[in-house]
Amino acid sequence: MSIFRTLSTKPWIAERGYVSDSHGFRLPTAKVFLSVFLGVVTALFGLLTAAYFIRMAYADWQALPVPALLWLNTAILILSSVTLQWARVAASREQADGVRRGLLAGGALAFAFLVGQLLVWRQLGSLGYFVDSNPSNSFFYLITGLHGLHLLGGLVAWFRASVRLWRGAEVAKIRMSVELCAVYWHFLLLVWLVMFGLLLVT
Amino acid sequence: MALTDVTHDAQDFVPAVEVEEVELYHPKTWLGKYVFSQDAKIIALQYSITAMAVGLLALVLSLLMRIQLAWPGALSFITPDAYIQFVTMHGMIMVIYLLTALFLGGFGNYLIPLMLGARDMVFPYVNMISYWVYLFAVLLLLASFFTPGGPTGSGWTLYPPQAILPGTPGSGWGITLMVISLVFFVIGFTMGGLNYVVTVLQARTRGMTLMRMPLTIWAIFTATVLALLAFPALLVSCIMMSLDNLLGTSYFMPAIVSLGQQLDYSGGSPVLFQHLFWFFGHPEVYIVALPAFGIVSDLLSVHARKNIFGYRLMVWAIVVIGGLSFVVWAHHMYVSGMNPYFGFFFATTTLIIAVPTAIKVYNWVLTLWRGNIRLTVPMLYAIGFVFTFINGGLTGIFLGNVIVDVPLSDTYFVVAHFHMVMAVSPILAVFGAVYHWYPKITGRMLNEGLGRFHFWVTFVGLYCLYYPMHYLGILGVPRRYFSNVGPNGLPDFIPDSAQFVNIWITIAAICVASSQLVFLYNLFASATRGKPAGGNPWGATTLEWQTTNTPPTHGNFGKELPSVYRWAYDYSVPGAEEDFIPQNVPAGKNTGQAS
């Protein structure tokens, strides 16, 4: 493991007076940024999951019915992730049309997902499952809300990349943005699948 | 001692890889340069000044509490409600808005790019936003002083259910603003923190390998990682608490009768909050302690003119302490009625932390051993830190054991312990760091005489203040009590001698607090009237002392970024002309090493 090799170097002997070419990772900075950020988001949703399980064990917990719309939303989010992946592949092949189509479809589907989630909230509300009715409801609203906010943040990055593309930026210039968007989308899809699974199982 | 052979063949020298030059944003207006600045050094100053200003407020609050304890009723505006509000605000401000912001936002911003040979943070714009979000959080916190009911009085731990129930001071606006302020703090910090971590990973200059980084950077880096992973717990608990408070959910709120009324809450778990809070709260201790460790390591090495003893072990200890800090949180909750096996597990992990910290302490002492010690003001503070940290650490071993903690819980022993280990020690490191780096920041030295005065009053005063507090704790004097005096004006449930100790502590506290005015005066006066410092007054090896301009200008270094040829601790190298070799000096001329 290179990290252990790094940590066991003896900077005071072997390398004294010697320039090595090591200065940062080989990865692009934006990618490193995204991975660290994904670590933070993982901690956030991980803690929420832990809190979910702890709270679930108490007597007043009543499972929330799963609205059918959530299945549709999940499918939409999967599609959104797939289309962004498509854009990413197109970007790596420098196919501007493919990137455009993929980005547009991916963003639109993500919007559709968010609207769908709001509809789920309304459905649940009209059935009397409010945020304060039961802890399971509270967690559902909290988790979907936070997940939605993260997706919204992703849409800001998506919007900036799209604007640059439509203003005529070369594909090579926005390739990294598209790639990062796609990775972020996959990550949020994974988070959603875990959270949805949590809801289904309990 | 045998000298290590450091000769190299020509093929040892890997040709330097080009580091991409960063495009710096060059502001044109005064506002862009000094207010909405994207320069990490300005942001560092903004963070530091804001943190110190709000910290000063917290210091005054602590004095008010001490006056109330020594001479109950002396100040009529200190009601029981006000007292507990002062306790809460003092703790919250000192831990989060002062120490965290100062170490990471202040020193992190200033030192990371300079010590690593970078032009700036990797995302300067995000860095700027980070400060303004922090400032907004501070303003929200301060605003809570002016709301009906005043700031929250729930203790800095904000335990529900009492934090949001009527009857606790500030249960309406106070707690709402507090929680929102914390949410903003976490958001702002995350922006800054991502920057610090990615800068350390990506923006190091040529030759600055991870194991050549100064320990200050290792410590700030690790502390930032801890903060990035721990603050989400605070965020989640704050959001859940405000939902309980504002929307009537029952995450944490149990079925409860308050002031004779059955509330709408049911079934929530206050202990769940405690778990979440301390999952953040314990790493938080190391978020403020680790940067102090790193800074002190560097100060000791520079001012003892000797390489740090056991550099690798120091790095490993930092990383191990960081890792362990995530598995000890429940030692704050021994009295919450946990399963004994659970408590046993957490007592064990807690005591294991003594191993890496003891390694650090031994290495500090061994760094001093036979060093060419210069008792400069920064050195005095660094040594003061080691003393105080040992003291606080030892009482930590008491409290880490369930069976000792239970009777001592909620007494002044706990107050004395955590002040020694995570309040006073880091603050001593902060002072040392300020005296050490002030010449780089302003180009002028702080006044030495005033500095020595400030150190001795602070150091001796702190011991007069906190040693007796341990004694009060063992006597069983409870913390957070408004008064220990009965209606007849005499000590009620504590011996007279204990009340005398209380008076003594208050006098010591007033002395320590007043001596900070000397420090402030020194900071302001020396900025214009101090002795010009030159580029490298301490003869230090790290890159921030090798800049072309002092104070460093926008972009930190001259036309070319420095290349790093050695670790940060080449002091008193045998055969070298001077007793230090800067990191950017290649082997050869004047270093006593073959080129």
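So that the names make sense, note that chain A is the first sequence line, chain B the second, and so on, each numbered from 1.
For chain A, the nearby parts of Leu228(B) are the backbone and the side chain; heavy atoms of each come within less than 4.5 Å. In this structure, chain A has no heavy atom under 4.5 Å from any part of Tyr265(B). Of the atoms belonging to Leu247(B), heavy atoms from both backbone and side chain fall under 4.5 Å from chain A. When heavy atoms are compared at a cutoff of 4.5 Å, Ser237(B) does not approach chain A at all. In this structure, chain A has a heavy atom under 4.5 Å from the side chain of Phe123(B), while its backbone stays farther away. Neither the backbone nor the side chain of Ile581(B) comes within contact range of chain A; no heavy atom of the residue lies under 4.5 Å from a heavy atom of that chain. If you measure heavy-atom distances from Leu276(B) to chain A, the contacts under 4.5 Å come from the side chain alone.
The local environment of CG in Asp60(A) is crowded, with over 12 non-hydrogen atoms from other residues, nucleotides or ligands closer than 6.0 Å.
Interface residues of residues 40-59 of chain A toward chain B, defined by a heavy-atom distance below 4.5 Å and sorted by number: Val40(A), Ala43(A), Leu44(A), Leu47(A), Leu48(A), Ala51(A), Ile54(A), Arg55(A), Tyr58(A). Of all residues in residues 149-172 of chain A, none places a non-hydrogen atom less than 4.5 angstrom from a non-hydrogen atom of chain B. Scanning residues 105-134 of chain A against chain B with a 4.5 Å non-hydrogen threshold yields Val131(A), Asp132(A), sorted by number.
When all heavy atoms of Leu142(A) and Met240(B) are compared, the closest pair comes out as CD2-CG, 3.5 Å. The minimum heavy-atom distance linking Tyr251(B) with Ser138(A) is given by the pair OH-O, 2.7 Å.
Judged purely by atom type and a 3.5 angstrom limit, Gln202(B) uses its side chain to pair as donor or acceptor with the backbone of Leu27(A).
The salt bridge (Lys or Arg N to Asp or Glu O under 4.0 Å) check on Lys31(A) picks up Glu179(A), with sequence neighbours excluded.
Interface check for chain A: of the options Gly193(B), Ser269(B), Ala568(B), the most heavy-atom pairs under 4.5 Å are formed by Ser269(B). Interface check for chain A: of the options Thr199(B), Val236(B), Leu194(B), the most heavy-atom pairs under 4.5 Å are formed by Leu194(B).
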Evaluation steps, side-chain contact (heavy atoms from CB on, under 4.5 Å), between Phe33(A) and Val197(B): CA-CA 8 Å; Phe33(A) 178 86; Val197(B) 167; over 6 Å; no
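Counting only heavy atoms from C-beta outward, the side chains of Trp316(B) and Leu7(A) approach each other to under 4.5 Å.
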